[in-house]
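Data block below; observations after.
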There are 2 protein chains.
Amino acid sequence: MSIKHAILGFLSWKPFTGYELKKWFADSLSFHWSGNNNQIYGTLIQLHKDGLVTNEIVAREKYPDRKVYAITQAGFDELRAWLGSGAELPRLRADFHIRLAWADMLGDEELHTLIGAYESRLRNQILMCRETLRRGQAEPARTPRETLLWNAVAERNAAVYEDELAWAGALGEKLGRLRLDGSRDVAREDMK
Amino acid sequence: MSIKHAILGFLSWKPFTGYELKKWFADSLSFHWSGNNNQIYGTLIQLHKDGLVTNEIVAREKYPDRKVYAITQAGFDELRAWLGSGAELPRLRADFHIRLAWADMLGDEELHTLIGAYESRLRNQILMCRETLRRGQAEPARTPRETLLWNAVAERNAAVYEDELAWAGALGEKLGRLRLDGSRDVAREDMK
DNA sequence: CAAAGCATGTAAGCAGTTACATGATTGT
DNA sequence: ACAATCATGTAACTGCTTACATGCTTTG
């Protein structure tokens, strides 16, 4: 997977400038791209070379010129072919899980604090996702089916954070129980 | 996040060769790294340069020499410092979700097939995860707490695929319902 | 008057991937 | 005979990231 097809996707909707695409990527919580210039402008140049998009320079007073990109038939065909090809498995890249694998080096307090910090970060992210979802799915919304698809993706994205939060909470509790079942020394340490 | 700290983690357990580490990464379903040579051997060379590991060449009859890497105190300190630092948010990179965002171009049949293919891939992956979990958490298992942590991570990894499958199933149903509520033409198309 | 927005682009670098290269040994 | 395992390493590449560079305009 690369950002290429996502850009073609946006352009299949309507023409955009690099700057506008950048904002879409940067603002989206479901598409996990930073929206950095190098990648977007670079990919657009490549797509243009490959004949998948055309561009038109629109000069304006008082503001910089805009380079408006539009999808070509070849671009449309490429997008459609990609849609039909098999998707990769989803992949949760969770720094935190790698850390946990070696976290037995840490004391109970420290581990507990770490999990707590992770939970609070997750809670914050969930609030943002939920707020975005609540504020409406203005997005494309050209057909009921498209709206359903966009909402499903955004919903699933939020759910991943929520599930992760629930899992972290359950883990914290399990660790607490293990702590009680364990040595009295550990229990005493608990009282600071 | 990079593989650097995961390698230090393994070495904090006991000394390993690059070849052995490679297998750990390649075989793990929870650590999402391919276990390619370039990255592992390269990182080991870097870690050695930085004084975080030592290496000892062990010559053997009939087999190639082994370069056995061991963690140093500096490496241990680095690992511990990293563990204490804040973790990033988890990030589900799902090709399939990006595809769905533009899948309204596809016909009902085609979309249904696509979701079905994704579900079957997920089911397969879940079987593998569950089998690995069932066959026991031999892994490090030096303390009950470490076992708990490793199991929790593996469990969460499997759950992500299961949740994704449930979500995809629910999405398929929603699309089906929308289809019935929609035009008769679509319904007729259904009968092939 | 400073910050944010509009708009394009480049430089440098990190993390990770597949594939190549070598060569003995063991299992099917 | 062929494939897999043991074992180390390199080359070439993709995808993505932060930060830099420019310069005008609008908003706070």
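The figures here come from the full heavy-atom set of this structure, side chains too, leaving out hydrogens, waters and symmetry mates. Note that the structure is a prediction, hence the values are computed from the model and not measured. Letters A, B, ... mirror the listed sequences (proteins, then strands); counts begin at 1.
- In plain terms, the two heavy atoms of Leu11(B) and Tyr69(B) that are nearest each other are CD2-O, 3.5 Å.
- Applying the 4.0 Å criterion to OP1 and OP2 of dC16(D), one finds that Ser34(A) has every side-chain N and O outside that range.
- With dT18(C), dA7(C), dG15(D) as the choices, the nucleotide that has an atom nearest any side-chain atom of Ser2(A) turns out to be dG15(D).
- The aromatic rings of Trp167(A) and Phe96(A) stand perpendicular to each other, their planes meeting at an angle above 60°, with 30° marking the opposite boundary.
- For the pair Lys22(B) NZ and dC6(D) P, the computed distance is 11 Å after rounding to whole Å.
- Taken over five-pair windows at either terminus, the axes of the helix from dC1(C)-dG28(D) to dT28(C)-dA1(D) are inclined to one another by 40° (rounded to 10 degrees).
- At a threshold of 4.0 angstrom between heavy atoms, the contacts of Lys67(B) are confined to the sugar-phosphate backbone, with no base atom among them.
- When all heavy atoms of Ala152(B) and Leu171(A) are compared, the closest pair comes out as CB-CD1, 3.7 Å.
- Residue Arg60(A) places no side-chain N or O under 4.0 Å from the OP1 or OP2 atom of dC6(C).
- Residue Ile3(B) contributes atom CD1, which lies 13 Å from atom C1' of dC14(C) at whole-angstrom precision.
- In this model, no side-chain donor or acceptor of Asn37(B) finds a partner on the base of dT10(D) within 3.5 Å.
- Proximity of Trp13(A) to Ile71(A): side-chain heavy atoms (C-beta onward) are nowhere separated by under 4.5 Å.
- To the nearest angstrom, C1' of dT25(D) lies 15 Å from CZ of Arg66(A).
- Remark: P of dA7(D) and CD1 of Ile40(B) are 14 Å apart, rounded to the nearest angstrom.
- Proximity of a side-chain donor or acceptor of Thr72(B) to a complementary backbone N or O of Gly51(B) within less than 3.5 Å is detected.
- For the residue pair Arg156(A) and Ser30(A), no side-chain donor N or O sits within less than 3.5 Å of a side-chain acceptor on the partner.
- Evaluation of atom-type donor-acceptor distances gives no pair under 3.5 Å for the side chain of Asp65(A) against the base of dT8(C).
- Counting any heavy atom pair closer than 4.0 Å across all strands shown, Lys4(B) reaches no nucleic acid atom.
- Positionally, the nearest nucleotide of DNA chain D for Lys23(B) lies more toward the 5' end than for the other of Lys62(A) and Lys23(B).
- As rounded to whole Å, 12 Å separates atom C1' of dG15(D) from atom CZ of Arg91(A).
- Taking 4.0 angstrom as the limit, Gln39(A) places none of its side-chain polar atoms (N or O) nearer than this to OP1 or OP2 of dG15(D).
- Taking atom CZ of Phe25(B) as the reference point, atom P of dA15(C) lies 14 Å away to the nearest angstrom.
- What you find for Tyr118(A) and Glu88(B) is that their closest heavy atoms are CE1-O, 3.8 Å.
- Positionally, the nearest nucleotide of DNA chain D for Thr17(B) lies more toward the 5' end than for the other of Asn36(B) and Thr17(B).
- Nearest to the side chain of Tyr41(B), among dC16(D), dT8(D), dT8(C), sits dT8(D).
- Among the protein residues, Tyr63(B) comes within range of the sugar-phosphate backbone only, with heavy atoms under 4.0 Å from sugar or phosphate atoms but none that close to a base.
- Trp33(B) has its CH2 atom 14 Å from the C1' atom of dC14(C), to the nearest Å.
- With Glu162(A) as the partner, the side-chain hydrogen bond (donor to acceptor under 3.5 Å, both in side chains) test is satisfied by one option alone out of Arg123(A), Gln125(A), Arg130(A): Arg130(A).
- Look at CD1 on Ile45(B): it is 11 Å from P on dT8(D), rounded to the nearest Å.
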